[in-house]
Amino acid sequence: MNPSDIVDIAKGEPDFHTPDHIKQAGIDAIHYNFTKYTPQPGIQPLREAIAIKFARENGVHISPDDVVVSCGGKHSVEQSIRAMVGPGDEVLIITPHWFAYPAQVRMAGATPVFVEADRDDDYIPDAWRIRDAITSRTRLLILNSPSNPTGAVYPEETLAAIAMLALEHNLHVLSDEVYERLVYEEARHVSLASLNEDIAQRTITVNSVSKTHAMTGWRIGYAAFPRGLAEKVVDIQKNSTSAPCAISQRAALAALTGDQSHVDLMVDAYQRRRDWLLKNLEGIPGLAWTAPRGSFYCFVGVEAWKGKRLGSVEVLDSVTFADALLKGAGVRVLAASDFGAPEHIRISFAVGDDALQEGLNRMKAFLS
Ligand SMILES: Cc1ncc(COP(=O)(O)O)c(C=O)c1O
C-alpha cells in the first residue's frame, strides 16, 4: 500500500498546534537572547509557576524548591525512577501500562512487578491485588491516571486505598498525571498527593506541558517531589542534560500562566470524537472495550479475532491483528503488547476528525 494511503489512528499526540501566545513566548526568548544554559532544576519563574499551578489546580502544596523541570514527562519519570530505586528493588506497575515504565525500571537496575487491572473493572486497580504484590523489596508504585492506554481515571476512594497501602508499607508512589486535564463526562481527576500530607511526602507527581498544551515537541516536563528528593534528581539531571531547553522553558511558562482557553477547546474536541468513536465501534464485530473516562485513547480487546484469518494474515495476537489491518485496510492502530496487553489495540482520538472517521470506517468495512 502506498504510504500516503495509510490512515494513522495510533498516534499519541494532539493534532492541535501549539497556541500562538505560547509560540510567541518561544520566539521572544530567542529574540531577546534567552538562549544560554539555565539553572539545572529549571528557571525560577517556571518553578514558581509550577508550584502555584500544583496548589491551585491539584491541591498539592509544595515549595518551588521541590520542583524539577525536565526535558519532558518521560524524562521526569525516568530520572525519578533512577533516583528512587536500584538493583534488588521491585517496582509495582499497574497493567495495562504505558510502555516506558518497565523499560525505565530495568534501566535503573530494578525489577518491574506487574499488577493487573481488568477491563470488567474499567481498568481501575484493586488495592488487594496491589497489597498481594508487595514484598520486602518493593520500593515504588507507579500510577498513571488518567491512563495511557486504558483511559481509566482512578476514583478518589481507589487513590485513598492505595495511599493507605503505600504508607503502611513505606512505599513511594510515582503518580504520572500528564493527562490530568483530559477527562470526560463525570470523571474528575484527583492528585494522589492532595489526599493528605503523609502521602504527599511519599509521592512524586509528574506532569508535562505536552498533552495539555499541545507542546509535545518542546520537551518540557516537571515533577513535584517530597522534601529533600529534588536535590537527588537535580544531581542526575546536572550530569545528563544539564537543564531543559531555555527557549522551551519560557514557552512552558507562558503555557502555565497565560490564557487557558485552548485547553477547553481541545477537551471539547476530544470529548466529541470520543463519543463518536464509542458510537461507531458498536457496529464492528469482534471488538471489546470500555469507555475511556480520560486521556485520548480507547483501548480495544481483539481476542475474539484470535485464530481467525484476516486477509492474508492469521491473527495470533494484537500485533498480527494490527498487521492485518494495516495490510488489508491501510489503517494503523497501536498493538499494545508493549503495554502489557498482547490482545489489545489502542485507538487514539487525538488524530483529528477526518483521520478518525476514515480509519474507523475502513476498519468497519474490513472487519465486517
Ligand atoms: C502516560 C504518559 N506519561 C508520560 C508521557 C510523556 O510525555 P512527554 O515526555 O511528552 O511529556 C506520555 C507520553 O505519551 C504518556 O503517555
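As the structure lists them, so they are numbered: ligands from 1, and atoms in each ligand from 1.
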Practice problem: Mind checking the CD-CG spacing from Glu358 to Asp353? Nearest 0.5 Å is all I need. | Solution: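 These two atoms lie 13.0 Å from each other.
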Are any of the N/O atoms in [X] less than 3.5 Å from those in ligand 1?
X	value
Lys74	yes
Val77	no
Asn148	yes
His75	no

Where is the nearest protein heavy atom to [atom]: which residue, which atom, and how far?
atom	result
atom 15 (C) of ligand 1	Trp98 CE2, 3.4 Å
atom 9 (O) of ligand 1	Arg219 NH2, 2.8 Å
atom 14 (O) of ligand 1	Lys211 NZ, 2.7 Å

Could you check whether [Y] and [X], counting side-chain N and O atoms only, form a donor-acceptor pair closer than 3.5 Å?
X	Y	value
Thr38	Gln249	yes
Ser191	Glu177	yes
Asp66	Ser63	no

A side-chain contact here means heavy atoms from C-beta on lying under 4.5 Å apart; do [X] and [Y] qualify?
X	Y	answer
Arg219	Ser210	yes
Phe99	Leu334	no
Asp323	Val319	no
Phe299	Arg119	no

Quiz item: Should the pair His262 and His21 be assigned to parallel (<30°), tilted (30 to 60°) or perpendicular (>60°) ring geometry?
Solution: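 His262 and His21: tilted rings.
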Check each atom of ligand 1 against the heavy atoms of [X] and keep those under 4.0 Å away; list them by number with element.
X	answer
Ser210	8 (P), 10 (O), 11 (O)
Gly72	9 (O), 11 (O)
Asn144	1 (C)

Quiz item: With a 4.0 Å cut-off on heavy atoms, is Asp176 touching ligand 1?
Solution: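 Checking ligand 1 against Asp176, which is what was asked, there is a heavy-atom contact under 4.0 Å.
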Exercise. Determine, using heavy atoms of Tyr101 and all atoms of ligand 1, whether some pair is separated by less than 4.0 Å.
Key: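 Tyr101 counts as a contact of ligand 1 under the 4.0 Å cut-off.
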Quiz item: Which is it for Glu13 and ligand 1 at heavy atoms under 4.0 Å: side chain, backbone, both or neither?
Solution: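 Neither; nothing of Glu13 gets under 4.0 Å from ligand 1.
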Practice problem: Only heavy atoms count here, so choose which of Ser295, Ala100, Cys71, Ser208 is nearest to atom 11 (O) of ligand 1. | Solution: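 Result: the heavy atom closest to atom 11 (O) of ligand 1 is in Ser208.
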